[in-house]
Each structure stands twice: as C-alpha cells, then as structure tokens.
There are 2 protein chains.
Amino acid sequence: MKIGELAKLTGVSVRSLRYYESQGLISPIRQANGYREYSPLAVETVETIKLYLNLGLSTEQIAGFLHCVLKNKEAFCAEVMPLYRSKLEDIERQLVELNQIKRNLEERMASILQEQNESSLGACKLENLE
Amino acid sequence: MKIGELAKLTGVSVRSLRYYESQGLISPIRQANGYREYSPLAVETVETIKLYLNLGLSTEQIAGFLHCVLKNKEAFCAEVMPLYRSKLEDIERQLVELNQIKRNLEERMASILQEQNESSLGACKLENLE
DNA sequence: GTTGACTCTTACATTGATGTCAGGGTTTAT
DNA sequence: ATAAACCCTGACATCAATGTAAGAGTCAAC
C-alpha cells in the first residue's frame, strides 16, 4: 500500500510516517516511480510505534528494540526492561516536581483568598461601625 | 550595580538577565558607556521573577503582573488569581497524563516479569524431570 | 600602556515530533 | 489531454529559556 493509505489506516500523518522512516523505525520498499510501498504488516508496526511513543519513549529508544518486539513478546527483548525502568524514574521525578509546584500554587491561592476575605471582613466591620 | 554583580547576587546568568529585560521584566537604566545600571531593588525583582518561573509561569505571563506584585501584595493584583487557576488546571492535566503512563508502564513491567518467571519455572520443571 | 576582566549586540544552537510549504513528478479519472 | 489527487525531497517553523561564541568597546590595576 502507499503512504496515504497507511496514514488513513493508522491515523498517523504522512509527515510522521516519513519521519519514522528517517529514524529507522520502518523501511518500506520503493517502487520504480520512487513511491514508498508498505506491506500490510506495516499497519501493526505503526500501531506499535504509536504505543511506545504514547509511553513517552523517543523514536531513538524505540529504534533500539522495535525489531525485537515485532518478532517476539516484550519479555524476550532484553532492551525493553531497562528503558521502562528509567522511564519510570523520569516520570516519578516529574510527578514529585509537579506535586511540589501544585502544593506551592495551592498555598499561594489559599493565602490570597484569605487575605481578600480578611480585607472584606474589615470593610464589613467598618460598615457595621456606622 | 552592573549586570555581573546582579548575576552573582541572584544566581541568575548574565544571559538570562538580558533575556528578562528583552521580555519587559526589568528595565535597568543605561550609563553613558552603555552599561546597564541596576538599582539595589533589582535583586528583589529578580528573586521574584525566579519565584514565578519556578511556578511554571512564562516570562510573558509574569510580565503581565510583575509591576503590580512588586508594589502590592499578590492578593491585590487581579491578574494573579486567574493565572494560578489555569496553571493549576494545566498541572492537574499533566498529573493525570503522567499517572496514566506510569500505570501503563508498571503493568507492562509486571507482565514481563511474570512471563519471565513462568518461563524460568518451566525450565526448572524440565530440570526436575531428569 | 598593556593585560585581564567586564560589558555590549547579534545571532545561532538546543530539543523532538510534527505542520506546512515550495517546486516538481506520477497517476487516475474524465 | 487535462485536472485532481497523490507522491517525492528539502527546508523552515514551532516552543522557551538558556548556552555559547564572535567581534568590539570599556575599565581597572599594575
């Protein structure tokens, strides 16, 4: 199939399919006219690439084990587990950082609301003093 | 004070101080020789900028309320609260997404470990059959 | 007056997957 | 045979704060 058809079948843009190829993730053969010709299996390959991209892995990392996981189950690809571990560490670091910022933001918001309440209370007291 | 001194006092690079100026965050006067001359108050200004950058706000957003918060308490700067709210929403979206990826990763890791255990158990059984 | 430490402006690089456009070829259907 | 719809490559843009470097001016100390 041609690139446009693969794009439709997978929901991945033509631009991205070409990019995956430039990163060594997929290697369609070329027809005499220069057009890329994809095997029907390419659909599964692209779905697999999407899956790993959604896990936050880079195309470079995916390139390191894609051939293996397309042939075997993940458990038999030694490269996968270390990547998962380090990605998980990344994510945990990001979670810590985001939660710190979140707490900081919430504290600042609470303190603003409190000050505003106090000043409006002050205004009420003044009103009540009439 | 000159830019190098302010950089040392605040821990912010000379490059970044010039960038903050280009974004309208700080406006040192110029001496006859063209050098930037910062008031001692600039230290507090830069510390304030650092604080908001660490909250994940952009220089553009900071530019929108910095003048106000340098003169008043945050609670009196109407621009701040909406920014905090939308930043908090951003962060919560990111937290949800990261947690989804984390769960996904953990499940995949668990399933790999389980398959590996099963196959090594299988190997043990075979060994025990001698 | 020379050297070293500052400062100035301008500009390119970084990161990574994707969008978009230009300029040109191919195919398909009418 | 012509128009529409595809395909090709190459290249620039995106986002944002920061690093880095070149080329040139300034200042301080010795």
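At C:dA17, one or more side-chain N or O atoms of A:Tyr19 fall inside 4.0 Å of OP1 or OP2 (strictly under the cut-off). At D:dC27, one or more side-chain N or O atoms of B:Asn33 fall inside 4.0 Å of OP1 or OP2 (strictly under the cut-off). Contact between the side-chain N/O atoms of B:Arg36 and the OP1/OP2 oxygens of C:dT7 is not found at any separation under 4.0 Å. Contact annotation: B:Ser13 side-chain N/O to D:dT18 OP1/OP2 distance is not under 4.0 Å. Phosphate contact (OP1/OP2 of C:dT18, side-chain N/O of A:Ser16, threshold under 4.0 Å): present.
At whole-Å resolution of the value, NZ in A:Lys8 and C1' in D:dC7 are 13 Å apart. Between the P atom of D:dT18 and the CD atom of B:Gln23 lies a distance of 10 Å, rounded to the nearest Å. Remark: P of D:dC6 and CD of A:Glu37 are 16 Å apart, rounded to the nearest angstrom. Separating the OH atom of B:Tyr35 from the C1' atom of D:dT26 is a distance of 4 Å, rounded to the nearest angstrom. Look at CD on A:Gln61: it is 14 Å from P on C:dT15, rounded to the nearest Å. The distance from atom CD of A:Glu60 to atom P of C:dT15 is 11 Å, rounded to the nearest whole Å. For the pair B:Ile29 CD1 and C:dC8 P, the interatomic distance rounds to 13 Å; values are reported in whole Å. The CG-C1' distance, from A:Leu25 to C:dT18, rounds to 14 Å in whole Å.
The environment of CD in B:Glu47 is crowded: more than 12 heavy-atom neighbours from other residues, nucleotides or ligands sit within 6.0 Å. A 6.0 Å sphere centred on CD of A:Glu21 holds more than 12 heavy atoms belonging to other residues, nucleotides or ligands.
For A:Tyr38, there are no ring pair (Phe, Tyr, Trp, His ring centres under 6.0 Å) partners, not counting sequence neighbours.
Contacts between residues 41-55 of chain A and DNA chain C, defined by a heavy-atom separation under 4.0 Å, are absent.
Side-chain contact between B:Lys87 and B:Leu83: absent, with no pair of heavy atoms (C-beta onward) separated by less than 4.5 Å. Between A:Ile62 and A:Tyr20 the shortest side-chain heavy-atom distance does not fall below 4.5 Å.
Between B:Arg30 and A:Leu57, the residue anchored closer to the 5' end of DNA chain C is B:Arg30, taking for each the nucleotide with the nearest heavy atom. Each of B:Thr59 and B:Lys2 was matched to the nucleotide of DNA chain D holding its nearest heavy atom; the match closer to the 5' end belongs to B:Thr59.
With respect to the salt-bridge test (charged N to carboxylate O, under 4.0 angstrom), the residues A:Lys2 and A:Glu37 do not qualify.
Between B:Tyr52 and B:Phe65, the ring planes lie perpendicular to each other; the angle is over 60°, past the 30° to 60° tilted range.
Minimum atom distance to the side chain of B:Arg15 is reached by C:dA11, of the listed C:dT18, C:dA11, D:dA17.
Across all strands shown, A:Arg18 has heavy atoms under 4.0 Å from base atoms, whether or not it also approaches the sugar-phosphate.
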